[in-house]
A.B. asks: 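Sharing a structure here in structure tokens format.
Just the heavy atoms: all of them, side chains too, but no hydrogens, waters or symmetry mates, feed the values below.
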Amino acid sequence: MRSDLAPEQERHASLLGGLFSAEIRVASALIEDRVDSLFPEELASIRQASPARRAEFSTGRWLARKLLVELGCP
């Protein structure tokens, strides 16, 4: 188990991770507004979106980058 996750997130990650083979990476996070982590072109693509959609999108992009770093991609 990862120690940097809250207990509920850790449980979710464990459940999701058990569904896939070891080659597949799984991550979870609470949906938060992470717009500050977006590239300018990503931000432009959701500029007109609702706050909830911006939070979903930015959290997804944040998680994708986190997993790419784990795989050795900058």
A.B. asks: Ignoring hydrogens, what is the shortest heavy-atom contact between Thr59 and Ala29? Give both atom names and the distance.
C.D. replies: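 Here Thr59 and Ala29 meet closest at CG2-CB, 4.1 Å.
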A.B. asks: Of all residues at least two apart in sequence or in a different chain, which pass the side-chain contact (heavy atoms from CB on, under 4.5 Å) check with Ile46?
C.D. replies: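 Ile46 satisfies side-chain contact (heavy atoms from CB on, under 4.5 Å) with Leu38, Ala49, Arg54, Phe57 once adjacent residues are dropped.
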A.B. asks: With Glu32, which residues qualify under side-chain contact (heavy atoms from CB on, under 4.5 Å), at least two apart?
C.D. replies: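 Partners of Glu32 under the side-chain contact (heavy atoms from CB on, under 4.5 Å) test: Leu30, Arg34.
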A.B. asks: For Ser37 and Ser58, work out which heavy atoms get closest and say how close.
C.D. replies: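 Ser37 and Ser58 have their closest heavy atoms at OG-O, 4.3 Å.
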A.B. asks: Quick one: does NZ or CZ of Arg65 land under 6.0 Å from the six-membered ring centre of Phe39, within 45 degrees of the ring axis?
C.D. replies: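 Satisfied, under 6.0 Å and within 45°.
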A.B. asks: Check the surroundings of atom CD in Glu41: do more than 12 heavy atoms from other residues, nucleotides or ligands lie under 6.0 Å from it?
C.D. replies: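 Yes, the 6.0 Å shell around CD holds more than 12 heavy atoms from other groups.
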A.B. asks: How does the hydrophobic cluster around Trp62 look, that is, which other residues are in it when side-chain heavy atoms under 4.5 Å mark a link?
C.D. replies: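 Reading the cluster by chain and number, Trp62 sits alongside Leu63.
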